[in-house]
Amino acid sequence: MHPVDRRSFLRLSGSAAVGSTAVVAGLAGGSALVGAAAHADEPGPQDPAPPAREFRAMWLSSVVNIDWPSAPGLSAEEQRAEYLGWLDLAQEIGLNAVIAQVRPTADAFWPSRFEPWSMYLTGTQGQDPGYDPLAFQIEQAHARGLEYHAWFNPYRVAMSEEPELAPDHPARQHPEWVWPYGGKLYYDPGLPDVRAFVQDAMMDAVTHYDVDGVHFDDYFYPYAVAGEDYPDEETYAAHSDGSTPIQDWRRGNIDALVREMHARIRAEKPWVRFGISPFGIWRNASSDPAGSDTSGSESYEIICADSRRWVQEGWVDYITPQIYWQFGNPAADYESLVHWWSGTVEGTGVGLFIGEGAYKAIDGTFEEMTELGDHLDLTRTLPAVAGNVYFSAKSLREDATGSVDDLVARHYGHPAVVPALESVPGEAPEQPTVVSARSAADGVQVRWRARGATSVALWHLPDEEIGQAQLADGRRLVAVVRAERAAGEIVHEGADGSGFYAVTAYDRTWQQSEPSGAVAVRR
């Protein structure tokens, strides 16, 4: 499967901690086991500490069955098994979140009140798959300590201009809402009724499901096709006074979608984080002095996405620009773009996670096998960058070049806590308690109590000191688990009983409590 079989690093046995060297068995509120390998490489005096806070996610793409499900028409049992396999992979390589596509083409992966079941589930749009995929996905991700961000595509209706839509599809009921472009079918972003409807359709999932985040990718207006303009002149005439150029009017339509969606999420569930992964170049400096030192296509022009403004206005909680290029790319240098985005979010309170083109690492586009890992060498030096997201899940599994193994070995050998975001309101839980730390046949059993916590982190320390330096060092972090109940236990499997143990507790927004006292192991 891989040049290095990642399963050799750990023993999978149920719900796993967020980290490639820790294993958790059982729910966090009950009994759990974690591997001791995370402490095999004690930090030396000059070693940089891996961060204890970092967003690590993969995009699980469903459109045309890219990642999951692998084909339409699989049984519910087969679909569930495939999804669990992707969660296995996420745990094996040290991720702590999954961004799963649940509305790829104006359809749904849940029993939506607004749109039909997705054809990518059963092969027939509108056909019930026999279970609730969104509920299952969230439940299983949370059971393993993984965040779950629901990924929606606002305006794409179909991957062809004349699709076989379900009889009750809104595009059939409102043919005036759609137009074909570039071989696909889209809702018209310039229609206020469309904008309200797509928000309602997406908010249906936010309201009824326990999502941690809402995510848009880079599909707003369709990617421009040479020689073909959008067929929206009539919409522009009907919904504009003509004083605004049509290009600016289109960007204003997308701005309104982003602004309104953010406000609706915050009003409904303040803890749910809203993020967008735009095309990596906003504007080139040759077009706008505020742009990046690049010469590639600009999202501002080709998809009417003013992503810099979304950040400046605080209409997103995090931004994940798709910087799918390598160091030294003449049109879009990775390093230059990462620095530009880092400067763009500075002082805004908006989180920055870099979108990584993992598929280019495995298809040979990146000449250097170490390219992905080298990207993290850079991003970890920039305080504004709080993590990385990989496209797509399949690329992380089909690692023919060894690039992903190199990335994991160099950077994901320890778990990480999801970063808190300044823009998302939250309140840290009360200080938790380590009830006991005892030697056991299979390691060290740590029992904890954490009232009001959503998640709990276990720390293994060389002495009783618990300062900010210790809580920032990923090498001290044993595991991050979901706190289903106010008390639970974790067995640090293979630990020799040395040192001290402490826990920290987190709310839904990853606000961190004061640490518990550090407890020595009783033998």
Can you check whether W310 reaches V350 side chain to side chain, under 4.5 Å on heavy atoms? no

If the condition is side chain to side chain contact (heavy atoms under 4.5 Å, CB included), which residues does S297 pass it with, not counting sequence neighbours? F279, I302

Indicate yes or no: at least one non-hydrogen side-chain atom of V480 is less than 4.5 angstrom from one of N96. no

My understanding is that only residues two or more places apart in sequence, or in another chain, count here; which of them pass side chain to side chain donor-acceptor pair (under 3.5 Å) with R113? D204

Are there over 12 heavy-atom neighbours, none belonging to E367, within less than 6.0 Å of that residue's CD? no

For H262 and G314, work out which heavy atoms get closest and say how close. CE1-O, 3.5 Å

Is there a donor-acceptor pair closer than 3.5 Å between any side-chain N or O of D507 and the backbone N or O of G426? no

The criterion is side chain to side chain donor-acceptor pair (under 3.5 Å); which residues satisfy it with E82, sequence neighbours excluded? S70

Of all heavy-atom pairs between P72 and N65, which one has the smallest distance, and what is that distance? CD-OD1, 3.2 Å

Any chance you could measure I138, atom CD1, to L146, atom CG, to the nearest 0.5 Å? 13.0 Å

Please report the C-alpha distance between R264 and D200 in whole Å, then the side-chain angles of each, then the deciding distance to 0.1 Å, and finally whether the salt bridge (charged side-chain N to carboxylate O under 4.0 Å, His left out) criterion is met. CA-CA 10 Å; R264 290 185 65 171; D200 288 343; 2.9 Å; yes

Checking ring pair (Phe, Tyr, Trp, His ring centres under 6.0 Å) against F216, which of W151, W59, F274, Y155 comes through? F274

Go through the steps to decide whether H414 and D473 satisfy the test side-chain hydrogen bond (donor to acceptor under 3.5 Å, both in side chains), and finish with yes or no. CA-CA 10 Å; H414 302 269; D473 188 343; over 6 Å; no

So that I can tick it off, tell me whether R266 and D317 are bridged by a salt bridge, with the cut-off set at under 4.0 angstrom between side-chain N and carboxylate O. yes

For residues 332-342, pull every pair meeting side chain to side chain donor-acceptor pair (under 3.5 Å), keeping only residues two or more places apart or in separate chains. Y334-E356

Before giving the answer on side-chain hydrogen bond (donor to acceptor under 3.5 Å, both in side chains), spell out for Q322 and D217 the whole-Å C-alpha distance, their side-chain angles and the decisive distance to 0.1 Å. CA-CA 9 Å; Q322 298 176 26; D217 59 12; 5.8 Å; no

Yes or no on side-chain hydrogen bond (donor to acceptor under 3.5 Å, both in side chains) for N284 and T294, after CA distance, side-chain angles and deciding distance? CA-CA 5 Å; N284 300 312; T294 50; 2.6 Å; yes

Only counting residues at least two apart or in another chain, list the ones meeting side chain to side chain contact (heavy atoms under 4.5 Å, CB included) with A237. none

Would you say E234 has more than 12 foreign heavy atoms packed within less than 6.0 Å of its CD? no

Can a donor-acceptor pair be found, under 3.5 Å and without considering hydrogens, that links the side chain of R273 to the backbone of L421? no

Yes or no on salt bridge (charged side-chain N to carboxylate O under 4.0 Å, His left out) for R410 and D377, after CA distance, side-chain angles and deciding distance? CA-CA 9 Å; R410 289 163 58 187; D377 286 344; 2.6 Å; yes

Treating E398 as the side-chain partner and I362 as the backbone partner, does any N or O pair qualify as donor plus acceptor under 3.5 Å? no

Close side-chain approach of V424 and W510, heavy atoms under 4.5 Å: no

Side chains of Y187 and P154: does their closest heavy-atom pair fall under 4.5 Å? no

Quick one, V258 and E313 - any side-chain contact, counting heavy atoms below 4.5 Å? no

Side chain to side chain donor-acceptor pair (under 3.5 Å) partners of W177, counting only residues at least two apart: none

Residues forming a side chain to side chain contact (heavy atoms under 4.5 Å, CB included) with W271, sequence neighbours excluded: K269, R508, T509

E422: which residues meet the salt bridge (Lys or Arg N to Asp or Glu O under 4.0 Å) condition with it, sequence neighbours left out? none

Test item: T401 and D399 side chains (from C-beta on) under 4.5 Å apart, heavy atoms: yes

With a 4.5 Å cut-off on side-chain heavy atoms, are R53 and Q512 touching? yes

Say you draw a straight line from CG of L89 to CG of L84; how long is it, rounded to the nearest 0.5 Å? 12.5 Å

Considering non-hydrogen atoms only, spot the tightest contact between M58 and A393 and give its length. SD-CB, 3.7 Å

Ring-face cation contact, W110 with R103, 6.0 Å cut, 45° max: no

Does E427 CD have over 12 foreign heavy atoms under 6.0 Å away? no

Does the separation of the ring centres of F136 and W68 fall below 6.0 angstrom? no

Return yes if some donor-acceptor pair links the side-chain N/O of Q125 with the main-chain N/O of A166 below 3.5 Å, else return no. yes

Main chain of P116, side chain of H169: is a donor-acceptor contact present, judged purely on distance under 3.5 Å? no

Are any side-chain N or O atoms of Y230 and backbone N or O atoms of D188, one a donor and one an acceptor, separated by less than 3.5 Å? no

Value rounded to 0.5 Å, distance of CG in L165 from CD in Q173: 11.0 Å

Give a yes or no answer on whether the side chain of D67 reaches the backbone of K394 with a donor-acceptor pair at less than 3.5 Å. yes

Reference residue N388; test side chain to side chain contact (heavy atoms under 4.5 Å, CB included); the match among I354, L407, T320: I354

So if I apply the side-chain hydrogen bond (donor to acceptor under 3.5 Å, both in side chains) rule between R250 and each of D255, D232, T244, which one comes out positive? D232

Are the side chain of S62 and the backbone of Q101 linked by a donor-acceptor contact shorter than 3.5 Å? yes

Measure from the side-chain N and O atoms of D212 to the backbone N and O of Y148, and report whether any donor-acceptor pair falls under 3.5 Å. yes

Any heavy-atom pair between the side chains of Y181 and P231 that's under 4.5 Å? yes

Roughly how far apart are Y209 OH and Q137 CD, rounded to 0.5 Å? 11.0 Å

For D107, all residues meeting salt bridge (Lys or Arg N to Asp or Glu O under 4.0 Å), sequence neighbours excluded: none

Counting only N and O atoms by type, is there a donor-acceptor contact under 3.5 Å from the side chain of S277 to the main-chain atoms of P321? no

Residue set satisfying ring pair (Phe, Tyr, Trp, His ring centres under 6.0 Å) with Y236, at least two apart, ordered chain then number -> W249

Roughly how far, to the nearest 0.5 Å, is the CG atom of L185 from the CD atom of E162? 9.5 Å

Could I get the full list of side chain to side chain contact (heavy atoms under 4.5 Å, CB included) partners for A290, not counting sequence neighbours? W282, D288, R308

Does Q511 have any side chain to side chain donor-acceptor pair (under 3.5 Å) partners at least two apart in sequence or in another chain, and if so, which? none

